[in-house]
Amino acid sequence: MSKRLLVAVVLLALAALLVAPVAAQETIKIYTSWPLTGGTQAVGESMLKAAQLAVEHYIADNEGGPAGFNIEIVALDDASPTTGAWDGVIEAENAQRCVNDPACMVYFGTYNSGAAKVSMPITNAAGIAQISPANSNPCLTRTAASCAADEPTIYRPSGVVNYFRTNATDDVQGPAAASWAQCAGFESVYVLDDTQAYGKGIADEFVLHAESIGLTVAGRASVESTDIDFRALLNDVRRSGATLVYGGFVLDSGGPQVIQQMSEQGLFDAGIKFMGPDGLTSPSLFDQIGGVEVAEGNVLLTFPGLQPSALTSEAGQRFYQDYLAQNSNEEPDPYATYAYQSMQVILASIEQAGAADRTAILDAMRGLSGFDGITGTFSFDENGDSTLAVFYGYDVSEGKIGNAVAISPTMQDTECVVTG
Amino acid sequence: MDLELQFFIGQIIVGLTIGSYLALIALGYTMVYGIVELINFAHGDLFAFGFFISLTIFTAINPPRPLDVVGLLTILPLIFVITMLLTGGLNTLIDRVAYKPLRNAPKLAPLLTAVGVSFALEAIYAIWVGANQVPYPNYFPRIDILRQWFGLDTAIQLTTKDLFLFGVTIPLMIGLNFFIERTKIGKAMRASAQDREAAAMMGINVNRIIATTFFIGGALAGAAGLVWGLYINSGRFLMGFEAGLMAFTSAVLGGIGNIRGAVLGAFIIGMIKSMSDFYFEPSWTRVMIFGILILLLVFRPSGILGSTQSIEKI
């Protein structure tokens with residue numbers, strides 16, 4: 001008897017599965033792909049919440065989804081549970097899942113530039129629009145000094161641009177940081193990195209530019225990203241007479257430990273500061289070093305865009321305040337701004353296309369111009385990059401990533417005053 | 001005093017501190033190898049367990065930070081004992097589940113289960129505490145002794161935390177040495193290490209002795225994890241890998257199976273790391289450490305003080 005009941009239930013469930021797609025015909029799916037586990041879990045979750053908030057705001061403002069469609073976010077994780085970091089195999093599977101799902105109209109990712117290198121050719125061949133909330137490697141969209149000869153064409157097998165981003169890129173981050181350091185009065189810098197592509201690349205750029213503008217590089221060292229004891233190295237920093245440590249790190253490669261041990265070994269007490277790139281610019285950094293008070297007044301961070309709290313536009317303030325309200329006043333991750341803005345772009349493109357059609361939506365996104373995002377008004381250039389992409393430097397104050405100043409490799413002494 | 005000399009002395013202190021926590025971990029490698037000829041790859045992860053479990057207990061008790069004198073004399077020893085018991089117990093359990101059934105199997109089998117246990121533990125830690133850096137609050141008061149107590153203007157840093165590290169690790173090492181050299185169980189351990197079958201024939205319960213060895217090795221790693229937490233104040237789910245690698249190298253350098261060799265090896269590795277990070281570059285430190293290891297093993301295959309095992313087995 002119970003066996004028959006079971007069979008009946010299973011049959012019913014199967015029938016429901018068959019019927020479901022028909023009922024959900026008016027739904028457009030957006031697949032997101034970035035780490036939701038591992039070292040950057042906090043960043044990924046915050047970006048997802050911001051993307052969802054963008055959809056909520058759109059529906060509230062337009063009394064419905066774009067072009068009358070329901071929007072469903074399918075949140076995928078591209079981090080490997082064993083390493084806690086993004087994984088190329090998982091990322092490729094994620095992109096393939098979107099391609100294989102007829103309802104998937106936009107592939108929304110990635111966080112790590114390395115992961116984008118994996119998924120971009122897949123979405124490009126399929127003619128699906130891809131937009132990233134965070135990738136900052138310049139080679140994804142155009143040639144730069146640090147790129148391989150065949151970049152970015154290898155990411156565009158079809159020859160058509162299908163990839164977009166609204167944040168700035170790394171190639172100016174190292175130089176801009178060096179100029180900012182000099183502008184802010186530092187004369188001697190000790191430069192560290194984690195021996196990985198991103199960290200070492202950005203630290204090398206910093207050193208090159210520092211030497212060209214007359215900022216002394218008192219020491220240069222690459223550390224094992226798995227190392228756990230940096231005290232001997234920090235004594236060398238002390239000996240070098242540097243007043244600033246520039247660290248090319250990300251959240252899961254030793255940066256938090258260097259900051260924490262700088263504090264513990266009394267380097268901060270001795271007036272030595274730490275400056276780090278966008279890979280460390282996240283509120284979750286403060287949890288890892290034992291509290292924001294450790295960083296306050298001692299840590300400087302650079303970021304390819306505006307922090308949520310620094311958004312001045314009305315829409316930007318609405319995002320920031322509503323996010324705080326929804327998440328019991330937990331600060332959004334800096335990249336949440338760009339997750340929200342990218343979702344704005346996606347929804348506008350669907351509205352413009354007016355149909356659940358991959359090509360029409362891609363064309364609409366490419367043709368976007370004078371778009372009012374939460375960081376300002378921008379268009380996409382022929383490479384898919386935003387025309388409004390500026391780097392900012394931040395201090396840590398009042399318990400969060402604080403005051404912003406626009407930074408650039410050519411900034412002058414008068415421009416570096418950090419203002420609220 | 002000359003500034004360079006002050007920095008040199010500072011580096012010696014750093015090297016000694018690295019050596020002391022590595023020694024506690026290296027002892028577990030060498031004891032287990034001495035008695036069952038197994039490289040317990042999961043041993044570094046016991047160090048990480050000591051870190052996480054003691055942090056969990058501290059968080060549950062939530063004492064003032066830093067601890068006051070009463071706390072230092074009551075809560076701290078209590079947490080030490082619980083951490084050592086739990087970590088020792090975990091190591092005994094690992095032996096019971098993953099190594100003991102393979103005692104007479106080919107050597108490769110327990111080696112692989114050890115690697116498996118290590119990966120499994122790391123994955124469990126990642127789920128338990130997350131993949132991020134975990135801060136360990138400053139429960140132990142840090143006072144810069146030379147400057148704050150003696151008013152000296154010097155680049156040498158010697159803090160109360162350094163003294164605490166030495167104050168815990170050195171007595172533990174001496175205690176272990178005494179235990180193995182002078183007690184009945186220690187004698188039984190040495191006998192079992194020399195010849196398991198003969199020891200069994202003499203009426204020694206070899207299985208119990210092996211379990212005891214795993215327990216003591218684990219307890220020392222647990223103590224190291226707790227001391228590390230209070231000393232360095234941060235850790236990560238993978239911290240056992242790095243620490244285990246260095247500690248295992250220490251044990252081999254000193255002569256695996258040899259208790260004093262493990263301690264000596266740990267201090268040598270600590271000193272190399274400290275000096276290399278300071279006078280050369282951190283990116284060369286591993287080259288230095290393993291270069292010296294290779295050179296030494298080529299000329300002295302059984303390590304500096306000699307592996308008791310290989311000499312007596314041959």
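Please read these numbers as outputs of a predicted model, since none were measured by experiment. All chains are named by letter (A, B, ...) in the order of the sequence lines, taking the proteins before the strands, and each is independently numbered beginning at 1.
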Contact part of [X] toward chain A, heavy-atom cut-off under 4.5 Å: side chain, backbone, both or neither?
X: B:Tyr21; answer: side chain
X: B:Ile18; answer: both
X: B:Gln6; answer: neither
X: B:Phe119; answer: neither

Exercise for the section: Can you tell which part of A:Arg238 gets under 4.5 Å to a heavy atom of chain B, answering side chain, backbone, both or neither? Expected result: both
Exercise for the section: Select all residues of residues 286-298 of chain A having any heavy atom within less than 4.5 Å of some heavy atom of chain B, and report them by number, or 'none'. Expected result: A:Asp287, A:Gln288, A:Ile289, A:Gly290
To the nearest 0.5 Å, how far apart are [atom1] in [X] and [atom2] in [Y]?
X: B:Ser274; Y: A:Leu233; atom1: OG; atom2: CG; value: 11.0 Å
X: B:Phe280; Y: A:Asp236; atom1: CZ; atom2: CG; value: 12.0 Å
X: A:Arg231; Y: B:Phe278; atom1: CZ; atom2: CZ; value: 13.5 Å

Handout entry: Residues of residues 147-164 of chain B with any heavy atom under 4.5 Å of a heavy atom in chain A
Key = B:Gln157, B:Lys161, B:Asp162
Problem - Residues A:Asp227, B:Arg286: salt bridge by 4.0 Å N-O rule - result: no
Handout entry: Which of B:Leu245, B:Thr17, B:Leu3, B:Ile13 touches chain A most, by non-hydrogen pairs under 4.5 Å
Key = B:Thr17
Practice task
For B:Phe8, look at atom CZ and say whether over 12 heavy atoms of other residues, nucleotides or ligands are found less than 6.0 Å away.
Solution key: no
Problem - Exceeds 12 heavy-atom contacts within 6.0 angstrom, atom CZ of B:Phe241 - result: no
Practice task
Taking A:Gln260 for its side chain and B:Ile232 for its backbone only, find out whether a donor-acceptor pair lies under 3.5 Å.
Solution key: yes
Problem - Donor-acceptor under 3.5 Å (B:Arg142 side chain, A:Glu264 main chain) - result: yes
